[in-house]
There are 2 protein chains.
Amino acid sequence: MPQKRILPYIILGLLQECPLTGKEITLQFKNEIGEFWKASHSQIYPELTRMQADKWIDESEIDKDGRKKYYQITSLGKQILANWINEPVIELPLNRDLFSLKLFFVTQKDAEVIEKLFNDQIILISEQLKHLKAREALLFTDESQIQEHYGHYLILKRAISRQEGQLAWLKTTLADFK
Amino acid sequence: MPQKRILPYIILGLLQECPLTGKEITLQFKNEIGEFWKASHSQIYPELTRMQADKWIDESEIDKDGRKKYYQITSLGKQILANWINEPVIELPLNRDLFSLKLFFVTQKDAEVIEKLFNDQIILISEQLKHLKAREALLFTDESQIQEHYGHYLILKRAISRQEGQLAWLKTTLADFK
DNA sequence: CGAATCATGTAAAGAGTTACATGATTGG
DNA sequence: CCAATCATGTAACTCTTTACATGATTCG
């Protein structure tokens, strides 16, 4: 048996707000959600078909003629989403971090290797952080935006906090090392 | 084509220090490495066979009679490991965080749900942090330990820093919310 | 109209998880 | 000696990614 399916619940969560096409769902994974889960269109389209068969979602009347297919959440889907959110999270987040792995295998004498690893990683994280902060400035200009999309606001904040923490650690550890 | 193979490099990194059995390698993933990559024995044993066929590792003479199989890194393996470490890391770390995902889908009126999510997560992270700090106290009692296993020390520190950052964010955000 | 791209979908293959299997060893 | 477990290995199945495919639309 494989690992527990998460993707359909994420799709339900997105459709909870408004009907979306497969393409639009795919694009969401380039934004905040992508910080905490990845999925590509070749997973999403079959998943939508399956969820429709299971009556978690159905096809929306919006733009029915056009070539885009809008899906909307059903009342069954809403229940399933609520149940999932209420299930306690008992696993730690999974992190796959090549930087940390490479660090694991260096010895203190590999000074150049260590410094290069750190410098590259600092650049990488800095760029991502800049991108996240730009999104924050764009989307959450006033309090009403925050109220309306509170969950989105929280996980964007969380992503920013995480990257800032990493960046700070990288910089102080590199400074200590030198 | 699938994602890039990482496991063999991790195994090389472990074998760089001393010969190990498949079982011992498996157990390493319950320690620091498990913070940044997961693997189970059913991946590791076939991978060892494959790496031996590719001459990245070979069977050690240690305990050759016993039922345990010790593997050691070859000089080819050492080169391949060094090359891998020197390749720049261009991808961001992958994070899969169910807590953040669930947070994404709540609205501000779901006060109980949000508080429960936060409280559960605080407990989860606290326990993990306690465990990591216990390992730190156990392994790195003096400076010579740090020198000798510098990479191990760094990624343990990194894991601790990460969890502490998350915990601080969880606590202040929960306090703000109330 | 022709080229680029959009939106949807399918195919192929390795990655990773859980469960099952087996012979050796240990311990009461 | 029998049960538990150890160390290794295999099997079945899903996940995930990359590449390929196709018809509709847009734009110069």
Side-chain angles (χ1 to χ4, degrees), chain A residues 1-11 14-15 19-30 33-54 57 59-60 62-71 90-98 101, chain B residues 1-11 14-15 19-30 33-54 57 59-60 62-71 90-98 101:
Chain A
M1 214 157 276
Q3 69 198 57
K4 186 147 184 3
R5 294 184 69 60
I6 304 300
L7 181 57
Y9 300 101
I10 300 176
I11 293 176
L14 291 169
L15 293 181
L20 293 169
T21 67
K23 180 71 175 191
E24 287 167 338
I25 292 169
T26 303
L27 290 175
Q28 289 288 322
F29 286 90
K30 293 212 196 310
I33 284 188
E35 288 291 312
F36 302 109
W37 203 272
K38 300 277 187 198
S40 50
H41 77 276
S42 58
Q43 285 176 274
I44 289 166
Y45 288 112
E47 189 64 55
L48 286 169
T49 305
R50 177 174 172 161
M51 291 169 74
Q52 189 177 12
D54 292 346
I57 60 177
E59 237 170 291
S60 165
I62 302 174
D63 198 38
K64 192 87 179 193
D65 318 320
R67 112 184 106 119
K68 296 182 184 175
K69 272 196 217 169
Y70 280 89
Y71 292 96
I90 52 173
E91 322 89 83
L92 286 165
L94 172 67
N95 291 279
R96 281 188 185 170
D97 185 351
L98 290 184
L101 285 177
Chain B
M1 213 159 275
Q3 68 199 61
K4 188 151 182 1
R5 295 184 68 61
I6 303 299
L7 182 57
Y9 301 101
I10 300 176
I11 293 175
L14 292 168
L15 293 180
L20 294 169
T21 67
K23 180 73 175 186
E24 288 167 337
I25 292 169
T26 303
L27 290 175
Q28 289 289 323
F29 286 89
K30 293 211 195 309
I33 284 189
E35 289 291 311
F36 301 109
W37 203 272
K38 301 278 185 196
S40 50
H41 78 275
S42 59
Q43 284 176 274
I44 289 165
Y45 288 113
E47 189 64 54
L48 286 168
T49 305
R50 178 173 171 162
M51 290 169 75
Q52 189 176 13
D54 293 345
I57 60 176
E59 236 170 293
S60 166
I62 302 174
D63 197 36
K64 192 87 178 191
D65 318 320
R67 112 185 105 118
K68 297 181 187 179
K69 272 195 216 170
Y70 280 88
Y71 291 95
I90 51 172
E91 322 89 84
L92 287 164
L94 172 67
N95 291 280
R96 282 189 183 169
D97 185 351
L98 290 185
L101 285 178

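Every chain is numbered from 1 and lettered A, B, ... according to where its sequence line falls, protein lines coming before strand lines. Since we're looking at a predicted model, the values are computed, not measured.
- Here the P atom of nucleotide D/dT10 and the CG atom of B/Leu48 are 12 Å apart, to the nearest Å.
- As rounded to whole Å, 8 Å separates atom P of C/dT8 from atom NZ of A/Lys68.
- One finds no side-chain N or O of A/Arg96 lying less than 4.0 angstrom from the OP1 or OP2 phosphate oxygen of C/dA15.
- At whole-Å resolution of the value, CD in A/Gln43 and P in D/dT16 are 5 Å apart.
- Side-chain N/O atoms of A/Lys69 include one lying less than 4.0 angstrom from OP1 or OP2 on C/dG9.
- Taking only side-chain atoms of B/Trp37, from C-beta outward, the nucleotide of C/dG16, C/dT8, D/dT16 with the closest atom is C/dG16.
- A/Ser40 meets the side-chain contact (heavy atoms from CB on, under 4.5 Å) test with A/Ser42, A/Gln43; sequence neighbours excluded.
- Here the CG-CG distance, from A/Leu48 to A/Leu15, works out to 7.0 Å after rounding to the nearest 0.5 Å.
- Every residue was checked against the ring pair (Phe, Tyr, Trp, His ring centres under 6.0 Å) condition with B/Phe36, not counting sequence neighbours, and none meets it.
- We find that OH of A/Tyr45 is positioned 11 Å from P of C/dT10, with the value rounded to whole Å.
- Counting only heavy atoms from C-beta outward, the side chains of B/Lys38 and B/Phe29 never approach each other to under 4.5 Å.
- Rounding to whole angstrom units, CD1 of residue B/Ile11 and P of C/dA15 are separated by 12 Å.
- Nearer to the 5' terminus of DNA chain D, by closest-nucleotide assignment, is the contact made by B/Glu24 (compared with the other of A/Ile6 and B/Glu24).
- Residues B/Tyr70 and B/Glu59 are not in side-chain contact: their nearest non-hydrogen atoms beyond the backbone lie 4.5 Å or more apart.
- The nucleotide whose nearest atom lies closest to any side-chain atom of A/Ser40 is, among D/dT18, C/dA15, C/dA7, D/dT18.
- For the pair A/Lys69/A/Tyr45, no side-chain contact is recorded, criterion being any heavy-atom separation below 4.5 Å from C-beta on.
- Candidate nucleotides D/dT8, C/dA7, D/dT17 were compared by shortest atom distance to the side chain of B/Thr21, and D/dT8 ranks first.
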Tabulate atom names and distances for all N/O pairs under 3.5 angstrom spanning the protein and nucleotides 3-5 of chain D.
none

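- Following rounding to the nearest Å, A/Leu27 (CG) and C/dT5 (C1') show an atom-to-atom distance of 13 Å.
- Contact of B/Ser42 with C/dT18 (side chain to base): a donor-acceptor pair of N or O atoms is detected under 3.5 Å.
- Atom pair B/His41:NE2 and D/dC6:C1' shows a separation of 11 Å (rounding to whole Å applied).
- If you take CE on A/Met51 and OH on A/Tyr9, they are separated by 9.0 Å, rounding to the nearest 0.5 Å.
- Residue B/Lys4 places none of its side-chain N or O atoms closer than 4.0 Å to OP1 or OP2 of C/dG14.
- In this structure, B/Leu7 places its CG atom 7 Å from P of C/dG16, rounding to the nearest Å.
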